[in-house]
Amino acid sequence: EPEVTQTPSHQVTQMGQEVILRCVPISNHLYFYWYRQILGQKVEFLVSFYNNEISEKSEIFDDQFSVERPDGSNFTLKIRSTKLEDSAMYFCASRALSYEQYFGPGTRLTVT
Amino acid sequence: KNEVEQSPQNLTAQEGEFITINCSYSVGISALHWLQQHPGGGIVSLFMLSSGKKKHGRLIATINIQEKHSSLHITASHPRDSAVYICAAQSSGDKLTFGTGTRLAVRP
């Protein structure tokens with residue numbers, strides 16, 4: 001069964017460094033999402049992406065964040081200058097025309 | 001802004017018991033999602049519904065649009081059902097607003 005994959009599973013970085021989280025959505029899906037979950041808190045929407053542009057973003061998704069679909073298969077989330085409060089689990093999701101979203105296993109980001 | 005509330009926050013059941021988890025939301029939605037989060041953190045979509053009722057195996061999800069309320073039922077619960085169950089409301093557009101989750105532990 002096709003699945004969404006994410007790499008790396010765990011990323012440790014120092015405050016101020018740039019990180020890129022990678023996702024490979026299901027191949028025929030058209031809509032892509034990033035969510036985050038700070039430890040012990042609820043999952044939060046970050047951004048949705050369709051037709052090579054951001055369709056919606058939350059107030060969390062400020063200028064430090066960017067998304068890209070560089071090659072038609074990968075979908076990346078970049079954090080330009082990480083802060084301690086960016087430490088969280090980041091989930092990628094994708095969907096086809098139906099609204100059902102398929103989630104990746106997540107990348108745990110630890111900022112020290 | 002859509003507020004999504006779940007109850008209970010924690011639930012412990014004996015194997016075989018019938019379980020109900022409730023979700024209420026504050027504004028109109030296009031769809032309601034039920035998700036399962038495993039202890040390792042991974043999220044699996046269980047149901048997406050916009051009206052009525054859906055069943056998959058021992059899981060049943062219902063939604064009452066007028067009352068802005070959805071329930072997830074698990075029949076004949078099993079220890080492998082132990083997980084966090086999350087409801088998420090989809091308003092206009094694609095954004096999901098998540099509840100805080102219900103942590104379920106099923107004891108043998």
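Naming: A, B, ... by sequence-line order, numbering from 1 per chain.
With a 4.5 Å cut-off on side-chain heavy atoms, Q37(B) and Q37(A) count as touching.
A ring-centre distance under 6.0 Å is found for Y35(A) and F98(B).
When the shell of 6.0 Å around NZ of K53(B) is examined, it contains 12 or fewer heavy atoms from other residues, nucleotides or ligands. No more than 12 heavy atoms of other residues, nucleotides or ligands shown are found within 6.0 angstrom of NZ on K57(A). Counting heavy atoms of neighbouring residues, nucleotides and ligands inside a 6.0 Å radius, atom CD of E67(B) does not exceed 12 of them. Residue L39(A) places its CG atom among 12 or fewer non-hydrogen atoms of other residues, nucleotides or ligands, all under 6.0 Å distant. Atom NE2 of H56(B) has 12 or fewer neighbouring heavy atoms from other residues, nucleotides or ligands inside a 6.0 Å radius. Atom CG of D63(A) has 12 or fewer neighbouring heavy atoms from other residues, nucleotides or ligands inside a 6.0 Å radius.
Neither the backbone nor the side chain of Y102(A) comes within less than 4.5 Å of any heavy atom of chain B. With a 4.5 angstrom heavy-atom cutoff, Y33(A) touches chain B only via side-chain atoms. Of the atoms belonging to Q41(A), not a single heavy atom falls under 4.5 Å from chain B.
To the nearest 0.5 angstrom, K95(B) atom NZ is 10.0 Å from S48(A) atom OG.
For residues 92-105 of chain A, the salt bridge (Lys or Arg N to Asp or Glu O under 4.0 Å) pairs, not counting sequence neighbours, are R95(A)-D94(B).
Nearest heavy-atom pair, F45(A) versus L96(B), reported as atom, atom and distance to 0.1 Å: CB-O, 3.7 Å. Listed here is the closest heavy atom pair of F103(A) and L35(B): CE1-CD2, 3.8 Å.
Interface check for chain B: of the options R108(A), M89(A), Q101(A), the most heavy-atom pairs under 4.5 Å are formed by Q101(A).
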